[in-house]
Amino acid sequence: VATKRFFGFMKPQITKSKVSGDIQTCAPPDRVGLTLARTDQLPFEALVRVGDQVKSGQPLAATASKSVITSPVSGKVLALNPQFAPDGTELPGIQILCDVAEDVTSYDTIADLKQASADEIIEGLTKLGIPCPWKTEAAAATMGKAERTAVHTVLVMAIDREPGLSVQSQFLGTYRDCLADSLDALRRITGTASVQLAVPKAEMARAQSDFPGVTVVGVSDRYPENHWQLVLAKVAGVGNTSFSAAREAGYLVLTAEDVTGAGRSLTEGRARVTKLVTVTGKSKSPVTVEARMGSPISSILKELDIEVADGDRVMLGGAWSGFAQYDVDAPISHTSDGITVIAADQITHFNENTCINCGRCTQFCPVGIQVNLTARFAEFNLIEDAIQRGASACIECGVCAYVCPAHRPLVQYLRYAVKSHQESQAAELAAETAE
Ligand code: SF4
Ligand code: SF4
């Protein structure tokens, strides 16, 4: 997706390039970096020390409820040091130097997923350390708050996170059979919970016949109507929700990639070590690659002969809601569906221009925030006022910034308000606990 805008008036020009259905496999990089933390899960404790040799698929860290993060490569633990999540948050992390030939950790296999019982599937998943809300009673005692909530609805996303990315939709094509078997297994282990599959509207009829037993939800291919949070809110029958709030209310969101990856791990007896990423690089056609989890962005760009020049912008994610990276060696995460490289002369520079009160941002905001006013509160550090105006409801779709003729950094202002509010709440809680 390319956009061009001019100060004072707007000439939106959106061109959506088709992503090839072919998936290019990237070689293992020289090193990988992983964050040892996941939203809504208990803290991860490292199971390895600096200098240890590890095999591909070996558990590196685990929670008390036995959810694990596995090594995507074979090599040596280089450091147990903080790594940055795509949004710049510093989290506990690990770096592995890939200095040996690939050696793979084997797990039990389930020869025929279609014939496996729910207990066999749950046992296999637990051995693989795949977070599973249908764990045994023994594990339930050590689960985090969100993990303990009974799941009554599982929503599987087979739609892409935003225009220009082609990752989750690949599972309706290249990996369709594997997705069907995996969904069927998921349906069996969820018991009475409903399994819903979000697909583009045009795919509905085919999906209903190919994925029996799951409820197919047809989703518009207009952005931001197909933004995941809005799709989730629609399924939950509410106006707006976050993934965490929905999880605490019994809705679990999985990606088609996660579901298919789990099914493949069970049948192949190997932990999942790769991630699909759509790479859009300057003038090159977008391509989807399969790379090791934690690969540095630079290693993937090098494979695709994409050079990053001074002034170019590199983002993890797509052009609408991705996060700009200041270091091309930053690792891709398990949620990075895209890498977007924007050439220096194509970048729209945001700055703190004065709002001209045209109202476009508020007019187009899909969750009804009065964006101009809320962003102004955040700009002047009036965080509580911004929160009272609904900043926390922002789904970070990027539409307000796209339509703003003054090029104000509206999403950044709202992110700033929400993050500041969260930090002050955490500080208050810590102070109360200390008393
Ligand atoms: S405030 Fe902007 S980024 Fe947030 S939901 Fe509204 S339009 Fe999207
Ligand atoms: S912030 Fe909203 S109201 Fe202000 S100039 Fe931008 S689009 Fe118009």
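Along the sequence shown, residues carry numbers from 1. In listed order, ligands and their atoms are each counted from 1.
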Quick one: look at Leu414 and ligand 1, take heavy-atom pairs under 4.0 Å, and tell me if it's side chain, backbone, both or neither.
side chain

Using a 4.0 Å cutoff against the non-hydrogen atoms of Leu410, which atoms of ligand 2 qualify?
1 (S)

Exceeds 12 heavy-atom contacts within 6.0 angstrom, atom CD of Glu268:
yes

Looking at Pro405, which atoms of ligand 2 are within less than 4.0 Å of one of its heavy atoms?
7 (S)

Within the 4.0 Å heavy-atom cut-off, what Thr362 brings close to ligand 2 is neither

Please check if any side-chain donor atom of Ser244 sits under 3.5 Å from a side-chain acceptor atom of Ser242, or the reverse.
no

Need the ligand 2 atom indices (1-based, order shown) with element for anything under 4.0 Å from a heavy-atom of Gly359.
3 (S), 8 (Fe)

Test item: Val219 and Asp221 side chains (from C-beta on) under 4.5 Å apart, heavy atoms
no

Which ligand 2 atoms, with their elements, are less than 4.0 angstrom from a heavy-atom of Asn372?
2 (Fe), 3 (S)

Run the side-chain hydrogen bond (donor to acceptor under 3.5 Å, both in side chains) test against Ser299 and tell me which residues pass, sequence neighbours left out.
none

Is the shortest heavy-atom distance from the side chain of His334 to the side chain of Asp258 under 4.5 Å?
no

With 2.8 Å as the limit, jot down which protein N, O or S atoms are around atom 8 (Fe) of ligand 1.
Cys397 SG

Under the side chain to side chain contact (heavy atoms under 4.5 Å, CB included) test, residues paired with Thr153 that sit two or more places apart
Ser194, Gln196, Val235, Tyr251

More than 12 heavy atoms from other groups under 6.0 Å of CG on Asp87
yes

Heteroatom test (N, O or S) for Cys355 near atom 2 (Fe) of ligand 2, limit 2.8 Å:
no

Under 4.0 Å from one or more heavy atoms of Ile356, ligand 2 contributes atoms 4 (Fe), 5 (S)

Who passes side-chain hydrogen bond (donor to acceptor under 3.5 Å, both in side chains) against Asp337, sequence neighbours left out?
Arg161, Gln168, Lys275

Assess whether side chain to side chain contact (heavy atoms under 4.5 Å, CB included) is satisfied between Tyr416 and Gln412, documenting all intermediate values.
CA-CA 6 Å; Tyr416 168 68; Gln412 286 84 347; over 6 Å; no

Do Ser321 and Glu396 have side-chain N/O donor and acceptor atoms under 3.5 Å apart?
no

So if I count the atoms of ligand 2 from 1 in the order they appear, which ones are less than 4.0 Å from some heavy atom of Cys361?
1 (S), 2 (Fe), 3 (S), 7 (S)

Applying side chain to side chain contact (heavy atoms under 4.5 Å, CB included) to His421 and Val418, what does each step give before you reach the verdict?
CA-CA 5 Å; His421 181 64; Val418 173; 5.7 Å; no

Considering only protein heavy atoms, which is closest to atom 6 (Fe) of ligand 2, and at what distance to one decimal place?
Cys404 SG, 2.4 Å

Which heavy atom of the protein is the closest neighbour of atom 8 (Fe) of ligand 2, given with residue, atom name and distance?
Cys358 SG, 2.3 Å

